[in-house]
Amino acid sequence: MASVDTPTPSEPVTGAVADGEVPLEVAASAPVLATTLGGYLRAWLKRMRSGESGVLPVVGGLIILTVIFQTQSSVFLSAGNITNLLIQGSTFVVLGMAEVWLLVLGEIDLSVGYVSAIGAAITAIMIGPPHPLPLWFAMPVGVVVTGAVGALWGTLVIRLRLPSFVVTLAGLLGGEGVLIWLVNGNGTGGTIRIENNVFLDLTSGNLSLAAGWIVTIAAVVVFGGLIFLRDRSRRRSGLVAAPLVVTLAKIVGLAAAGVALVLVCNTNRGELVTLQGIPYAVVIVIALVVLTSFMLDRTRFGRYLYAIGANAEAARRSGVSLGWNRLWAFVLTGVTAGIGGMLYAARLGSVSNNVDGGTLVLYAVAAAVIGGASLFGGRGKMVHALLGGIVIATIYNGMGLIGLAADYQYMITALVLLAAVTVDALARRGRTTS
Amino acid sequence: MTVVAEGRPGGAPAAEGAPLLQLRGISKSFGAVQALVHVDLDVPAGQVTALVGDNGAGKSTLIKTISGIWAPTSGEIRWCGEPVSIRSPREADDLGIATVYQDLALCDNLDIVQNMYLGHEILSKRLLDENRMELTAKQTLADLSVTTVQSVRQPVGSLSGGQRQSVAVARAVMRDAKLVIMDEPTAALGVSQTAQVLDLIKRLAERGIAVIVISHNLSDVFAVADRLAVLYLGRLVDSGPITDYDTQRAVELITTGAANGNGAPTNGRGHHPGTGE
């Protein structure tokens with residue numbers, strides 16, 4: 001720390017600094033701008049050392065898991081399995097994103113597993129016999145219901161100052177009851193079957209080969225262009241910005257990821273029939289990550305969530321409304337969970353009364369935390385849930401491939417979660433002592 | 001140096017007119033406890049007024065009254081000569097009174113720009129206008145000669161105590177504060193960082209801003225203050241230009257409420273007569 005202090009306080013305590021010194025001082029310590037690649041890398045290294053490790057640990061963990069599973073089962077990295085893994089992961093990712101809204105605030109929602117299933121059950125009932133309602137109506141209703149449940153939890157937490165952990169623990173218990181009641185009252189044999197093909201296509205439908213290329217190329221061009229223009233305007237205004245090389249590297253990375261996704265998904269993975277193309281579920285998840293990240297990073301609302309999560313009193317004194325912003329976070333958790341529930345029900349083709357909402361929510365929280373969100377508030381991004389959800393899906397999928405059953409799956413997931421929290425705690429320690 | 005906010009010429013306060021802030025007969029009681037008893041105080045623009053006193057003398061109560069945390073039980077606050085009532089921190093903010101509390105009220109996970117604009121973000125098309133905020137924040141820091149931070153995009157949690165204090169003060173200045181109240185700004189700071197913060201306080205005054213500094217550290221007070229005001233058991237026992245005091249006299253006033261050690265705290269020495277009521 002001492003290295004960044006004022007270099008020479010000529011008269012330490014009582015001394016008056018003459019006016020004439022000021023411009024000199026400015027000139028002497030011009031702000032260090034990371035405009036060169038070397039400077040950028042040094043600043044990045046410094047951030048890493050001080051605990052801002054970002055997504056590096058989870059990406060590293062993902063690579064290690066991939067190597068392990070691939071050496072145990074050569075099927076793991078096949079195009080078909082990767083696509084399958086992404087579809088499996090979509091539920092964990094979206095439920096993890098639901099948790100991120102609240103984790104940023106330092107709150108938690110333990111009910112998302114059952115609440116998401118309740119939303120899916122309501123939609124499934126509406127689109128089922130005897131009087132099927134249109135999907136465009138039934139799906140929003142399901143999501144509105146889950147959003148309303150979020151608003152209920154939020155109101156209890158904010159108005160009555162109850163801990164969100166306990167309120168949503170009650171939601172976890174009560175939610176299971178409501179789900180069983182809904183399914184037993186409207187389904188047969190403990191499940192509500194979903195026959196609507198459009199709904200099922202959420203996870204089983206694919207973009208055509210050409211559409212996959214077009215959508216991906218359009219996305220890469222748009223986002224690559226936005227990154228390029230933003231960095232260029234920041235460099236020109238003398239603002240803190242990445243050097244040109246880094247900007248270009250980001251765009252190349254984006255394009256490479258896009259091409260890899262299309263190549264993998266466009267490979268025929270069917271055995272009897274042709275099955276190829278990017279699954280709709282993948283498109284939906286990516287679109288959702290982009291939209292929610294935009295809300296967290298670029299709007300006042302998102303900024304306030306981070307501020308409240310770090311120092312609620314400071315936010316309040318700055319004029320931030322704690323109540324409304326927190327309430328909206330609870331509502332968005334409900335809405336996002338509702339969307340996750342739709343993906344879950346579409347993949348299973350039904351909503352059952354024995355959905356394990358308890359495990360689902362733990363996977364959701366684990367996904368966010370493994371990805372890099374903090375349970376203590378103030379830190380977490382949607383992309384963390386994306387990466388963490390893929391890690392969990394990788395374990396789930398890889399264990400299944402090498403023939404290890406649920407016992408090992410749970411134990412390995414537990415170890416990965418512990419590793420993630422340990423990395424977080426060590427990073428935190430690095431930060432406070434820096 | 002140019003002034004970002006309003007272009008007020010530095011060091012040229014309205015010396016001839018009424019002082020920026022005048023307190024007349026301010027009293028505050030909490031039940032039976034008299035925290036402030038008939039306090040009269042003038043805070044002129046462009047000067048640093050140090051508010052000193054022992055623990056429990058009423059310093060915090062007084063600044064909380066000025067910054068709208070609670071209303072006085074009786075008495076009058078005049079702002080630019082006009083009687084005002086400050087019923088909430090928001091109203092104080094609207095008048096141009098900014099308070100930098102000891103805890104600084106910063107969010108460690110947000111960067112300097114984000115902290116400076118918290119609650120007052122610049123938007124364009126309903127989205128955060130990061131570029132404009134960063135430019136203005138940089139300019140404000142440069143105007144205050146806060147040059148020790150490496151990047152305005154580093155999280156506030158990674159800054160030193162003096163730098164954090166600078167960010168909190170720059171935030172107040174950027175919002176066009178006319179009076180900045182600082183509660184123990186140098187407590188818990190090392191030697192060079194203390195110098196850095198005292199420097200900053202002087203620059204605020206040079207820009208025509210009135211500054212009230214609460215401090216226990218008399219050497220800091222004598223280094224930076226233009227005026228001294230001494231509270232003792234809720235009464236303002238003395239106030240005046242810093243040149244009227246030396247350390248010994250200040251200590252006597254703080255500890256006994258009177259100079260020359262005759263131990264009569266309520267003899268009204270230095271109490272401004274003929275004001276308020």
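Just so you know, these numbers come straight off a predicted model, no measurement behind them. All heavy atoms count here, side chains included; hydrogens, waters and symmetry mates do not.
Of the atoms belonging to A/Tyr304, it is side-chain heavy atoms, and not backbone ones, that fall under 4.5 Å from chain B. For B/Asp103, the part sitting under 4.5 Å from any heavy atom of chain A is the side chain, from C-beta outward, and nothing else. Only the backbone of B/Leu106 comes within less than 4.5 Å of a heavy atom of chain A; no side-chain atom from C-beta onward does.
Contact count against chain A (heavy-atom pairs under 4.5 Å) is highest for B/Leu118 among B/Leu118, B/Leu123, B/Asp129. Between chain B and the residues A/Gly319, A/Gly309, A/Ala310, A/Ser237, the largest count of heavy-atom pairs under 4.5 Å involves A/Ala310. Highest contact tally toward chain A, considering only B/Arg126, B/Glu130, B/His120, B/Arg171, is held by B/Glu130 [criterion: heavy-atom pairs under 4.5 Å]. Chain B forms the most heavy-atom pairs under 4.5 Å with one residue out of A/Thr299, A/Asp297, A/Val320, and that residue is A/Thr299. Considering only heavy-atom pairs separated by less than 4.5 Å from chain A, the leading option among B/Leu135, B/Asp108, B/Leu104 is B/Leu135. Counting heavy-atom pairs under 4.5 Å between each of A/Arg234, A/Glu313, A/Arg230, A/Arg316 and chain B puts A/Arg234 at the top.
A/Ala241 and A/Asp231 get closest at one heavy-atom pair: CB-O, 4.1 Å.
Remark: the A/Thr333 side chain and the A/Asp109 side chain contain no N/O donor-acceptor pair separated by less than 3.5 Å. Side-chain atoms of B/Ser145 and B/Asp199 include no donor-acceptor pair closer than 3.5 Å.
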CA sep, side-chain torsions, deciding dist, call: B/Gln154, B/Ser151, side chain to side chain donor-acceptor pair (under 3.5 Å): CA-CA 6 Å; B/Gln154 69 189 107; B/Ser151 156; 5.3 Å; no

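The pair A/Glu107-A/Arg326 meets the salt-bridge criterion, with a side-chain N (NZ, NE, NH1 or NH2) lying under 4.0 Å from an Asp/Glu carboxylate O. B/Lys59 and B/Glu184 are not joined by a salt bridge, as no carboxylate oxygen comes within less than 4.0 angstrom of a charged side-chain nitrogen. Comment: A/Arg317 does not engage B/Asp93 in a salt bridge, judged by the lack of any side-chain N to carboxylate O separation of less than 4.0 angstrom.
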